[in-house]
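Below: one structure, written as C-alpha cells.
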Amino acid sequence: MRASALTPCLPALVLLLVGCGGDPATSNTLPTPSPAGGDVVTPYPIAHLAGGPATYKGLPLSLAAAPAPSVTPVKGVIGVVCVGMSNGSQECAEWIQQVADAWRSEVNPAVRIVNCAVGGHAIERWIDPAFDDVLWDDCVTRRLPQAGVLPAQVRVIYHKAANQFGLGPGGTALPLLPAAGNNSERLRTHLGAFAARVQNKFPSVQAVYTSSRSYGGFTTRADRGEPQSYEEGHALNTWLAANPSLDGVWYGWGAYLWAPACASGIRNAANVCYDRGDYQDDAVHPAPSGRLKIARMMHDRLRAHAWYRP
C-alpha cells in the first residue's frame, strides 16, 4: 500500500512517542526473544521518557516504526471502528465523547467513530467465527447504521488487542518471556489470525491501528497482572515490525497505553503513569480518570496523521 507524505511534527512530548511524521522513531527490525536478554525488576515502557535499560529480555524498548497510512473518505466519511473487549469498549466510548465535545475542533469532521468493542470478547473471540454474530456481524448490521456509517465507509479499525485467556492448564499463568509457550507467543499468533479476517469483514479498510493493554499491576489476577500485560505490548511490537502491511492494509501502533504505577517514578513517552484511582474496584477496568488518560493518548496518536486532523 502506498504511504502518504509525512505529516508535520507535533510538540516534543508527543514526538518522544511517535517521532516526526507521527510514527515511532525506530527501526522495523526487532530481534526475537533471547534467553540471554536482560530483564529488569521494574519494567520500563517500550517508549519511555528517559533513562532505563535498552532492552527487556532481548527485546528493544522502542516502538516499531511505520510510515503514515493513506486514509481517504468515502462519500465524505472516514469511518473508524473500535474493536476489542470491555476495556476497549469503555476507552472508545470516552474517546467518542471527547471528540464530540472538547476535542471537536481538533478532528476532521469527516471522521465518524463507531464503538463495536464488546465486553468479555478479547482477540480469541474476534478470530472465532462462532462469535461473529455478536461481534463483526452486529457491528455491521446494527452499530454502523446507528452511527450513520456504511460498511464501505469503514476505512480505519482501532483494535485494542489482548488475549482473553492468559491462563494455562489448571488455571496457572502462562509462562513469561522468553520461555516456550508464553503468553506473548499466543498473542502474536492471534494477531495474524485477526489480520486474516479484517479484509473479509471490512473490505474497504485502509489502516488498522492497534494498542495493547495498559498497566495491570494493581490486580492480583494471574491472567491480567504484570508482567503479562506489559509483555503483550512487546508481542504486539514484534508482530507490527514484521507486518507493516498485509493484503494492502496498513498495520501500525495506535497509542502505546502501558505505563507503570506513578509510585515507580517512571512514565511513558506520553508522560502518563497510572494511580490506583485510575481503575475501578476490580483493578482491571479503567475508572473515569483512567479512561480519560487513555482516550487522550488515542486522540494524540491519531492527530499525528493527516487524515484525522481538520
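Residue pairs meeting the salt bridge (charged side-chain N to carboxylate O under 4.0 Å, His left out) criterion with at least one member in residues 72-92, sequence neighbours excluded: Glu91-Lys160. Sorted by first and then second residue, the salt bridge (charged side-chain N to carboxylate O under 4.0 Å, His left out) pairs with a member in residues 279-292 form an empty list; sequence neighbours excluded. Residue pairs satisfying the disulfide (SG to SG under 2.5 Å) criterion with at least one member in residues 268-310, sequence neighbours excluded, are listed as follows: Cys262-Cys273. The salt bridge (charged side-chain N to carboxylate O under 4.0 Å, His left out) pairs that include a residue from residues 125-138 are Asp132-Arg197, Asp132-Lys201, Asp137-Lys201, Asp138-Arg142, Asp138-Arg143, where partners are two or more places apart or lie in different chains.
Arg309 contributes a side-chain N or O that, together with a main-chain N or O of Arg303, makes up a donor-acceptor pair within less than 3.5 Å. Within the 3.5 Å criterion, the main-chain N or O of Ala261 finds a donor-acceptor partner in the side chain of Ser264. Here the side chain of Asn243 pairs no donor or acceptor atom with the backbone of Ser245 at under 3.5 angstrom. No donor-acceptor pair under 3.5 Å is formed between the side chain of Asp247 and the backbone N or O of Val249. Gln280 places a side-chain N or O within donor-acceptor distance of the main-chain N or O of Pro286, the cut-off being under 3.5 Å. With hydrogens and angles disregarded, no donor-acceptor distance shorter than 3.5 Å links the side chain of Glu232 to the backbone of Asn183. Asp300 contributes no side-chain N or O that, together with a main-chain N or O of Met297, makes up a donor-acceptor pair within less than 3.5 Å. Side chain of Asn182 to backbone of Glu185: a donor-acceptor contact under 3.5 angstrom is found. Trp126 contributes a side-chain N or O that, together with a main-chain N or O of Gly84, makes up a donor-acceptor pair within less than 3.5 Å.
At a threshold of 4.5 Å between non-hydrogen side-chain atoms, the residues Val208 and Trp250 do not count as touching. The side-chain heavy atoms of Ser105 and Pro310, taken from C-beta on, include no pair separated by under 4.5 Å. Between Cys116 and Leu135 the shortest side-chain heavy-atom distance does not fall below 4.5 Å. Looking at heavy atoms from C-beta onward, Asn271 lies in side-chain contact with Leu49 at the 4.5 angstrom threshold. At a threshold of 4.5 Å between non-hydrogen side-chain atoms, the residues Thr189 and Phe194 do not count as touching. In this structure the side chain of Val81 reaches within 4.5 angstrom of the side chain of Leu144, judged on heavy atoms.
Using the six-membered ring where Trp is involved, Trp103 and His299 have ring planes that are parallel, under 30° apart on the 30 and 60° scheme. Note on ring orientation: taking the six-membered ring where Trp is involved, the planes of Tyr274 and Tyr279 are perpendicular (angle over 60°, cut-offs 30° and 60°).
If you take OG on Ser89 and CD on Glu94, they are separated by 12.0 Å, rounding to the nearest 0.5 Å. To the nearest 0.5 Å, atom CZ of residue Arg213 and atom CG of residue Leu236 are 12.5 Å apart. One finds the CG atom of Leu191 at 10.5 Å from the CG atom of Leu246 (value rounded to the nearest 0.5 Å). Rounded to the nearest 0.5 angstrom, Asn108 CG and His305 NE2 are separated by 14.5 Å. Taken to the nearest 0.5 Å, the CD atom of Gln228 stands 12.0 Å off from the OG1 atom of Thr219. Between the OH atom in Tyr230 and the OH atom in Tyr56 there is a gap of 6.5 Å [rounded to 0.5 Å].
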* Would you check, one step at a time, whether the test side chain to side chain contact (heavy atoms under 4.5 Å, CB included) holds for Ile78 with Val71? => CA-CA 8 Å; Ile78 297 174; Val71 175; 3.8 Å; yes
* Asked: Run the side chain to side chain contact (heavy atoms under 4.5 Å, CB included) check on Leu302 and Val107 step by step: do they pass?
  -> CA-CA 9 Å; Leu302 295 187; Val107 179; over 6 Å; no
* Going through the distances and angles, do Ile123 and Gln164 end up as a side chain to side chain contact (heavy atoms under 4.5 Å, CB included)? -> CA-CA 6 Å; Ile123 194 168; Gln164 177 120 4; over 6 Å; no
* To do: Verify side-chain hydrogen bond (donor to acceptor under 3.5 Å, both in side chains) between His285 and Ser86, making sure each step is shown before the conclusion.
  => CA-CA 8 Å; His285 295 94; Ser86 53; 2.7 Å; yes
* Apply side chain to side chain contact (heavy atoms under 4.5 Å, CB included) to Thr55 and Leu61, showing your working. => CA-CA 5 Å; Thr55 64; Leu61 293 178; 5.7 Å; no
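Every residue meeting the side chain to side chain contact (heavy atoms under 4.5 Å, CB included) condition with Ile113, not counting sequence neighbours, appears here in chain and number order: Val80, Cys82, Cys92, Trp95, Ile96, Val99, Val111.
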Would you list the atom pairs, donor with acceptor, under 3.5 Å between side chains in residues 146-157 and any protein atom, with sequence neighbours excluded?
from: Gln153; atom 1: OE1; to: Leu150; atom 2: N; distance (Å): 2.8
from: Gln153; atom 1: NE2; to: Val74; atom 2: O; distance (Å): 3.0
from: Arg155; atom 1: NE; to: Thr72; atom 2: O; distance (Å): 2.8
from: Arg155; atom 1: NE; to: Gln206; atom 2: OE1; distance (Å): 3.4
from: Arg155; atom 1: NH1; to: Ser204; atom 2: O; distance (Å): 2.8
from: Arg155; atom 1: NH2; to: Thr72; atom 2: OG1; distance (Å): 2.9

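Of all heavy-atom pairs spanning His190 and Ile127, the tightest one is CD2-CD1, 3.7 Å. Closest heavy-atom contact between Gly233 and Ser212: CA-OG, 3.4 Å. The heavy-atom pair separating Pro60 from His234 by the smallest distance is O-CE1, 3.7 Å. Contact record, Ala64 with Asn237: N-OD1, 2.8 Å, taken as the closest heavy-atom pair. Residues Gly181 and Pro175 come closest through the heavy atom pair O-CD, 3.5 Å. Between Cys139 and Pro145, the shortest heavy-atom contact is O-CD, 4.4 Å.
By the criterion of side-chain heavy atoms lying less than 4.5 angstrom apart, applied directly or through intervening Ile, Leu, Val, Met, Phe, Trp or Tyr residues, Met85 is not grouped with Val83; the two fall into different hydrophobic clusters. Hydrophobic clustering (side-chain heavy atoms under 4.5 Å, transitive across Ile, Leu, Val, Met, Phe, Trp, Tyr) groups Tyr44 together with Tyr215. There is a path of hydrophobic side-chain contacts, each under 4.5 Å, that joins Trp307 to Val198. Grouping the Ile, Leu, Val, Met, Phe, Trp and Tyr side chains by contacts below 4.5 angstrom, directly or via other members, places Val272 apart from Val284. No single ILVMFWY cluster, assembled from side-chain heavy atoms under 4.5 Å apart, contains both Leu176 and Leu187.
There is no side-chain donor-acceptor pair under 3.5 Å between Gln98 and Glu106. Donor-acceptor pairing under 3.5 Å is lacking for the side chains of Glu231 and Trp258. When only modelled atom types and interatomic distance are considered, Ser211 and Tyr158 share a side-chain donor-acceptor pair under 3.5 Å.
Ring-centre distance between His48 and Tyr256: not below the 6.0 Å cut-off. In this structure, the ring of His159 has its center no less than 6.0 angstrom from the ring center of Tyr209.
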